[in-house]
Amino acid sequence: MNSADKSLVHDRRSACPGLFRMAQARDGGICRVKLTFGNLTSDQARGIAKASEQFGNGVIDITNRANVQIRGVRPGNEDGLIDALLGLGLGPLTDKGDDVRNVMISPFASLDIRLFAMRVLTSLQTSPLYQTLSPKFCLFIDGGENVAMVSHPHDLWLSPITPESHGSDYAFGVAGTPPVLTEDQPALGIISSERAFELITAILDLFIEWNERNPDASRLRHMIADIGKEELVHLLEQRLDTFLQAADLPQWRRTPPQPNGHLGIVKTTGNSPQTVGAMPPLGRLNPHMLRILAAITDQYCTGILQLTPWQSVLLPCVAIEHAQETLDALHSLGLTSDLTQPMATMISCSGSAGCKSALAATQSDGARLAALLAGISHIPQIHLTGCGKSCASPMAKPVTLVATSDGHYDIFLHATNGPSRFGKLLASNRTIEESAELIGIKFGSGGPSHA
Ligand code: SF4
């Protein structure tokens, strides 16, 4: 790679925050801490709370890849924050492995899936070749769980064809999501569970070889746009010396996950421990909340807190007799699991308080909108974004408010075929009060209108 290429990679990375690289925002530096599968011990949670007060402005975001972001890092505090986070055991396995810690699994994944995903994550962090991947390059190892974020697009995904059978073959795809609906893009191929790791490294190796000839590109979708999916399958079959197709693969669909299954008490059979989940307002915590969450985690479960790609928190392994008490404690802290409260699912970017590109104060507008719609049944997930970049969500949500000016938004409803990336325009340039009224009329009377 020549020096011009290196500077291009550097520029591309510099826009994306990491543990060692604080991207600059209106409210200060942003430090993104990439967690292994969203896991945080209670001690680490307390440490993050302290570090965010000591080195930042006390705002702690949960991201849509189940990571945390410490915001408002003041100039000169960067090294102190990095040392504090490394001291908490939140660093990567190798110095250059931070950016590529992008393997997502369901918070309910089995031990087998966790071990497989850990092998991939370790390989990404320790291979000098894979360390050159874009900080946005991401993988999803699906286990077919009932609760999983399957609509989040990934560079590469694997999903078991028959999750109920041990050692099932995996379907796989690139630049997209496992197919759930008839109209979704079908899987690209099929691979045995024994060779699934080999398939992943073969795809990464092919991408990196292609990327050397195309240094401006950073994602698998760019490679697919260049060579096409059929050619990728052909190259993989040559490299792995196996067929990757099956007659019924185009018809295979993943079982749809349970909507909002990450909220409330997630029941299991018998007297098994329960999982308890709730959503902080707009996926954002402060040091006080994080300390109390750590205490709840110590009191009611195994000392491990899980953050989720829905920007919520989950407490695994809560004894059945303590599940309601645990949920009540989360509610007392201001977290929500009640779906009649829009805050249970609402997400937003930082808005004008934290971002120079924002046209509106999405965080405070979101809180107002949630209050106006509180108690109305059937309000779907709402996403407020300060501009069209949509940092808080990589895909269209059922309702998206895109800021047009201070306190004003265009309202979009999700539609499979656009016309916009957010769906179909419901109304333009509306205030929060007008938006609440329109959304309430559209969805509030027992279900979405199909007019
Ligand atoms: S979506 Fe736009 S306004 Fe919101 S944080 Fe991203 S760049 Fe800023």
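All ligand and atom numbering here is 1-based and tracks the order in the structure. On a predicted model such as this, the values are computed, not experimentally measured, just so you know.
Sorted by first then second residue, the side-chain hydrogen bond (donor to acceptor under 3.5 Å, both in side chains) pairs that include residues 117-128, not counting sequence neighbours, number zero.
With respect to Arg368 and Glu433, a salt bridge is recorded, a charged nitrogen being found less than 4.0 Å from a carboxylate O.
Side-chain contact check for Ser350 versus Arg284: some heavy-atom pair is nearer than 4.5 Å.
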Under 3.5 Å, side-chain donor or acceptor atoms of residues 383-394 against the rest of the protein: list the pairs with distances, not counting sequence neighbours.
{"unit_1": "Thr385", "atom_1": "OG1", "unit_2": "Cys387", "atom_2": "O", "d": "2.7"}
{"unit_1": "Ser390", "atom_1": "OG", "unit_2": "Ser393", "atom_2": "O", "d": "2.8"}
{"unit_1": "Ser393", "atom_1": "OG", "unit_2": "Met395", "atom_2": "N", "d": "3.3"}
{"unit_1": "Ser393", "atom_1": "OG", "unit_2": "Met395", "atom_2": "O", "d": "2.6"}

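Using a 3.5 Å distance cut-off with no hydrogens or angles, the side chains of Tyr409 and Asp365 do pair a donor with an acceptor.
Atom 4 (Fe) of ligand 1 has Cys349 SG as protein N, O or S atoms under 2.8 Å away.
Phe108 meets the ring pair (Phe, Tyr, Trp, His ring centres under 6.0 Å) test with no other residue; sequence neighbours excluded.
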